[in-house]
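Note that ligands are numbered from 1 as they come in the structure, with each ligand's atoms numbered from 1 the same way.
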Amino acid sequence: MPGGSFVPNGGNVGGYGGRITASVVITCIVAASSGLIFGYDIGISGGVTTMKPFLHKFFPAVLRKAAEAKTNMYCVYNSQVLTSFTSSLYIAGLAASLVASRLTVALGRRNIMVLGGCTFLAGAAINGGAANVAMLILGRIMLGFGVGFTNQATPIYLSEMAPPKWRGAFNTGFQFFIGIGVVTANCINYGTAKLTYGWRLSLGLAIVPAVIMTLGALLISDTPSSLVERGKLAQARQSLGKVRGIDTNVEAELAELVKVSEAAKAANQEPIVTIFERQYRPHLVMAIAIPFFQQLTGINIIAFYAPVLFQSVGFGSDSALIAAIILGLVNLASILVSTAVVDRCGRRFLFIVGGAQMLICQVAVACVLAATTGVSGTKNISKGYAILVLLLMCTYAAGFGWSWGPLSWLIPSEIFPMKIRPTGQSISVAVNFATTFVLSQTFLTMLCHFKFATFLFYAGWIAVMSIFVVFFLPETKGVPLESMYTVWEKHWYWRRFVKVQP
Ligand SMILES: OC[C@H]1O[C@](O)(CO)[C@@H](O)[C@@H]1O
């Protein structure tokens with residue numbers, strides 16, 4: 001688990017679950033490492049799509065265009081085929097995440113993480129050995145299934161396993177590993193960029209994070225909630241005892257889980273029907289809005305295309321990759337800040353501070369680009385200003401790292417009652433993938449036409465999402481999952497939707 005913010009014995013919230021044991025920390029670090037595969041893919045695809053031998057083999061038209069187009073720096077890499085390579089993963093991920101909700105109920109959270117790891121591994125092998133575009137796309141579809149499964153199961157796993165008082169910190173581990181994956185992939189791209197078959201290595205090495213997380217997932221036990229839900233009471237008691245500490249009496253927590261699980265079963269309704277009931281409207285709105293907004297911060301545009309972007313604003317191809325690595329490291333460090341404060345200052349505080357920071361940076365990037373490269377983007381940016389753009393993007397990445405990055409996994413995984421939690425998380429992951437798909441598919445065209453104003457577009461969205469958080473997101477810090485309904489009951493707007501619990 002990233003971050004050194006843990007207090008050894010955090011006290012009790014809701015009667016149980018305040019204690020941090022070595023076992024729960026290790027288990028959650030291992031589980032969070034599932035984020036590695038998603039991050040690795042995000043980092044690798046951005047770099048590989050700027051490698052000449054790769055473009056030469058699969059997308060020669062893009063290379064020809066890059067050689068000709070010297071007039072407008074924003075349009076060089078504008079190719080629908082190239083973007084469809086990147087985004088095919090998201091369509092597959094979307095489909096997989098929807099299937100995953102039933103599977104995580106039937107097979108448990110842990111097993112879905114294993115399944116995701118294996119599928120991703122197969123995709124990595126196919127991509128590393130790709131002989132044509134069809135293999136490339138097939139590989140990406142498998143990778144997409146992999147991350148669809150792991151992104152659905154892991155955040156729920158972490159939220160259910162963590163002591164409630166520190167749930168936020170534990171959950172940020174997932175985004176932290178996504179960040180490690182991104183940075184590792186950027187470094188690998190930097191090393192392989194000069195080799196003829198560097199792209200094969202970059203794509204094929206995705207096997208390594210897949211093996212690490214799959215083996216890790218095989219070693220941990222499932223969450224007590226999931227075990228109870230599947231009628232494995234003895235195992236649930238054992239799992240709880242292990243993570244909460246041997247001297248802790250886990251019977252009260254177990255009894256609560258059994259109660260919640262029995263109530264869910266008694267209702268005997270399809271979760272996908274239940275989730276659309278009026279009383280779950282607030283939850284559903286959050287599960288859709290949070291990942292949608294996360295992508296509209298513009299982060300993926302920067303993460304996918306950081307190398308492309310830096311190259312097109314005047315950095316050489318080497319320095320473009322270095323710039324991407326720096327950006328990734330800043331993001332990583334800032335996630336640790338989130339780990340340290342999310343359970344003290346709360347989710348809303350981080351959303352608001354991070355949002356303001358990102359908004360200011362996006363506006364500043366737009367102004368610098370407009371002033372230096374001209375409104376049509378035909379003037380060259382000087383090295384000094386290119387560095388200023390990089391600094392602004394780093395500040396932006398830090399803002400994202402302690403707010404919308406980790407919190408977009410945390411919120412959907414913690415607001416739902418047990419019976420519809422996997423469904424809620426699936427919807428959330430699907431929205432995340434769908435939004436990423438649409439944005440990545442349109443970004444380069446948008447950059448080509450809107451030029452510097454692209455950044456103002458995202459700044460506008462950041463303003464909207466920050467206002468949304470201020471008015472509509474209740475604070476969930478420290479509240480046990482089983483008592484989460486209280487935050488809606490107390491909320492000025494959402495309380496009219498929920499049924500007050502006796
Ligand atoms: O670290 C940046 C990455 O984090 C995510 O937002 C997931 O939370 C990805 O969509 C993005 O590429």
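Below 4.0 Å from some heavy atom of Trp409 lie the following atoms of ligand 1, by number and element: 7 (C), 8 (O). Residue contact check: Phe400 has heavy atoms under 4.0 Å from atoms 2 (C), 6 (O) of ligand 1. Residue contact check: Ile42 has heavy atoms under 4.0 Å from atoms 9 (C), 11 (C), 12 (O) of ligand 1.
Aromatic ring orientation, His283 versus Phe416: tilted (interplanar angle from 30° to 60°). Using cut-offs of 30° and 60° on the angle between ring planes, the pair Trp199 and Phe58 is perpendicular. Relative orientation of the Phe457 and Trp461 rings is perpendicular, given thresholds of 30° and 60° on the angle between their planes. Using cut-offs of 30° and 60° for the angle between ring planes, the Phe433 and Tyr90 rings count as perpendicular.
Under 4.0 Å from ligand 1, the heavy atoms of Asn331 that appear belong solely to its side chain.
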